[in-house]
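For clarity, every value in this text was computed on a predicted model and none was experimentally measured.
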Amino acid sequence: MGTLIGHVVPGFGFLLIGLWHLFNHIKLHLQHPNSYTAPTWFPASKFKYAELLLIILGSSASIAMELFISPEKHQPFDDDGTIPSNHLHNFEHATISMTFLVYAALAIILDKLAPRAQHGLTQLLGAIAFGQQLLLFHLHSTDHMGPEGQFHWLLQLVILVSLTTTLIGIGFPKSFLVSFVRSLSIFFQGLWFIVMGVMLWTPGLISKGCFLNDEDGHKVVRCQSEEARHRALSLVNLQFSWFLIVVAVFGVAFYLVLIKFYGEKVEYFTLGSDREYEEYDDVESQKKSNVGDSKGFVDHMGKTAFAPIDMER
């Protein structure tokens, strides 16, 4: 990361995964509204593990870019074997990618072995990946004061939604809304990554009074005055609010469009066979017969008990 390409490419990855999940969750829920259970990932028609393989390949490429391709020496360490300060952010980004790689690899293994706790464990691994992402962006070693820091702070809110809904999904796998919000939050993550890359590393789009400054080998947005900095942060907040509205409208519109294609189906369940109904009727008849017999017995006992008694004088 730290560049236009470093944000746009991962952004497209998150955006595609979020859109893929959103489409499949809506489709699955429309086709099976009563028996819907949300999977953690979706198999593709031609290659089952296409989604997970895409995550593995994307994460591997990100790690290689951060640790071996981007650094001038093509390795991230200093001459004495320590991690230099200007490469700390590279290790942070690579660690996030490594966590998603581990999630995807273990998800494939769990699917192959198919243990009983497969769904819960896979959801937990996804939650760990989002948790790691949230932690490292929150404790990011790069600047937290300027526009870049504001972009990252707002990104954390979206990641928090992804993390929360993934954890909730462990206990409520049949909740469509939980899956819908999680998919939309992943989509929003990708969109915000793209916006961040374009707005921070395109000189013509940088806020008035701010500029790109070369610091420790990567460019950072700095502002000429405190007023310019506050204006830049306010513009970032406005952009986030506008894109939040766009994502919400898109999510609902996408759902309504898919209803046109797949429709809302009503599932009917057979309560029992004719034999069960006959047995149920027999039981009910027997209960009524028993109640009638009991009532007759009580009436007989009452008449006997309270009949006049002839007493000899």
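- Grouping the Ile, Leu, Val, Met, Phe, Trp and Tyr side chains by contacts below 4.5 angstrom, directly or via other members, places Tyr49 with Leu57.
- Between Gly126 and Tyr103, the shortest heavy-atom contact is N-CD1, 3.6 Å.
- Checked against ring pair (Phe, Tyr, Trp, His ring centres under 6.0 Å), Phe14 has the following partners two or more places apart in sequence or in another chain: Phe100, Phe193.
- Applying the disulfide bond (SG atoms under 2.5 Å apart) test to residues at least two apart or on different chains, none of the pairs has a partner in residues 38-85.
- Annotation: side chain of Phe130 is not in contact with side chain of Leu135 (no heavy-atom distance under 4.5 Å).
- In terms of hydrophobic clustering, with Ile, Leu, Val, Met, Phe, Trp and Tyr side chains grouped at heavy-atom distances under 4.5 Å, Trp201 and Phe211 are assigned to different clusters.
- Cluster membership for Ile5 and Val8, using ILVMFWY side-chain heavy atoms within less than 4.5 angstrom, is not shared.
- The two residues His25 and Pro39 have their closest heavy-atom pair at CE1-O, 3.6 Å.
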Would you give me the side-chain donor-acceptor pairs under 3.5 Å for residues 162-182, sequence neighbours excluded?
{"from": "Ser162", "atom 1": "OG", "to": "Val158", "atom 2": "O", "distance (Å)": "3.4"}
{"from": "Ser162", "atom 1": "OG", "to": "Ser185", "atom 2": "OG", "distance (Å)": "2.7"}
{"from": "Ser162", "atom 1": "OG", "to": "Gln189", "atom 2": "NE2", "distance (Å)": "3.1"}
{"from": "Thr164", "atom 1": "OG1", "to": "Leu160", "atom 2": "O", "distance (Å)": "2.8"}
{"from": "Thr165", "atom 1": "OG1", "to": "Val161", "atom 2": "O", "distance (Å)": "2.7"}
{"from": "Thr165", "atom 1": "OG1", "to": "Ser162", "atom 2": "O", "distance (Å)": "3.1"}
{"from": "Thr166", "atom 1": "OG1", "to": "Ser162", "atom 2": "O", "distance (Å)": "2.6"}
{"from": "Lys174", "atom 1": "NZ", "to": "Thr37", "atom 2": "OG1", "distance (Å)": "3.0"}
{"from": "Ser175", "atom 1": "OG", "to": "Val178", "atom 2": "N", "distance (Å)": "3.4"}
{"from": "Ser179", "atom 1": "OG", "to": "Tyr36", "atom 2": "OH", "distance (Å)": "3.2"}
{"from": "Ser179", "atom 1": "OG", "to": "Ser175", "atom 2": "O", "distance (Å)": "3.4"}
{"from": "Arg182", "atom 1": "NH1", "to": "Thr165", "atom 2": "O", "distance (Å)": "3.4"}

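- Using a 4.5 Å heavy-atom cutoff, the side chains of Leu258 and Phe254 are in contact.
- Not one N or O on the side chain of Thr202 forms a donor-acceptor pair closer than 3.5 Å with the backbone of Leu205.
- Taken to the nearest 0.5 Å, the CG atom of Leu212 stands 6.5 Å off from the NZ atom of Lys219.
- Inspection of the Ser62 and Ser97 side chains reveals an N or O donor paired with an N or O acceptor under 3.5 Å.
- Residues Val247 and Leu244 are not in side-chain contact: their nearest non-hydrogen atoms beyond the backbone lie 4.5 Å or more apart.
- The backbone N or O of Leu134 lies less than 3.5 Å from no partner atom in the side chain of His138, so there is not a single donor-acceptor pair.
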Given the rule in the side chain to side chain contact (heavy atoms under 4.5 Å, CB included) test, do Cys210 and Arg229 qualify, once you have shown the distances and angles that lead to the verdict? CA-CA 7 Å; Cys210 300; Arg229 189 180 74 86; 5.8 Å; no
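- Two rings, from Phe42 and Phe23, have their centers 6.0 Å or more apart.
- Put simply, the side chain of Asp111 never gets that close to the backbone of Ala107: no donor and acceptor are under 3.5 Å apart.
- Between the CD atom of Gln239 and the OG atom of Ser207 there is a distance of 9.0 Å, given to the nearest 0.5 Å.
- Checking Glu51 against His21 by side-chain atom types alone, a donor-acceptor pair falls below 3.5 Å.
- One hydrophobic cluster, built from ILVMFWY side chains closer than 4.5 Å, cannot hold both Val198 and Leu235; they sit in different ones.
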Derivation and outcome, side chain to side chain contact (heavy atoms under 4.5 Å, CB included), residues Ile17 and Trp41: CA-CA 9 Å; Ile17 294 293; Trp41 56 274; over 6 Å; no
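- Counting Ile, Leu, Val, Met, Phe, Trp and Tyr side chains that sit under 4.5 Å apart, directly or through other members, Val249 shares a hydrophobic cluster with Ile245.
- Atom CG of Leu110 sits about 10.5 Å away from atom CG of Leu124, to the nearest 0.5 Å.
- Rounding to the nearest 0.5 Å gives a distance of 11.0 Å between CD1 of Ile159 and CD1 of Ile186.
- The CD atom of Gln132 lies 9.5 Å from the CD1 atom of Ile128; values are rounded to the nearest 0.5 Å.
- Closest approach of Met199 to Ile206, counting heavy atoms only: O-CG1, 4.0 Å.
- Ring-centre distance between Phe91 and Phe77: below the 6.0 Å cut-off.
- Using a 4.5 Å heavy-atom threshold, the side chains of Lys260 and Leu256 count as separate.
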As a quick check of understanding, evaluate side chain to side chain contact (heavy atoms under 4.5 Å, CB included) for Ile259 and Ile26, giving each step before the final call. CA-CA 9 Å; Ile259 288 179; Ile26 294 174; 5.9 Å; no
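- Among residues at least two apart or in separate chains, there is no salt bridge (Lys or Arg N to Asp or Glu O under 4.0 Å) pair with a member in residues 115-129.
- A donor-acceptor contact shorter than 3.5 Å is absent between the side chain of Asp78 and the backbone of Asp80.
- Ring-plane geometry between His152 and Phe137 is classed as tilted, the angle between the planes lying from 30 to 60 degrees on a 0 to 90 degree scale.
- Heavy atoms only, all atoms of each residue included: Ala129 and Thr99 are closest at CA-CG2, 3.4 Å.
- Checking side-chain atoms of Thr3 against main-chain N and O of Gly6 turns up a donor-acceptor pair under 3.5 Å.
- The shortest distance between side-chain heavy atoms of Val221 and Asn213 does not fall below 4.5 Å.
- The two residues Val236 and Trp192 have their closest heavy-atom pair at O-CH2, 3.9 Å.
- Of all non-hydrogen atoms in Asn90 and Glu66, the two that sit nearest each other are ND2-OE1, 2.9 Å.
- The neighbour count for Glu227 CD, taken as heavy atoms of other residues, nucleotides or ligands under 6.0 Å away, does not exceed 12.
- If you look at Phe240 and Phe188, their ring centroids are closer than 6.0 Å.
- Annotation: Phe261, atom CZ; neighbour count of heavy atoms from other residues, nucleotides and ligands within 6.0 Å does not exceed 12.
- Side-chain atoms of His87 never come within 3.5 Å of backbone atoms of Leu67 as a donor-acceptor pair (strictly under, hydrogens ignored).
- Residues Ile194 and Phe243 fall within the same hydrophobic cluster, defined by Ile, Leu, Val, Met, Phe, Trp and Tyr side chains chained together at heavy-atom separations under 4.5 Å.
- Scanning for ring pair (Phe, Tyr, Trp, His ring centres under 6.0 Å) contacts around Phe12 gives an empty result, with sequence neighbours left out.
- Atom CD of Glu226 and atom CZ of Arg231 lie 14.5 Å apart (nearest 0.5 Å).
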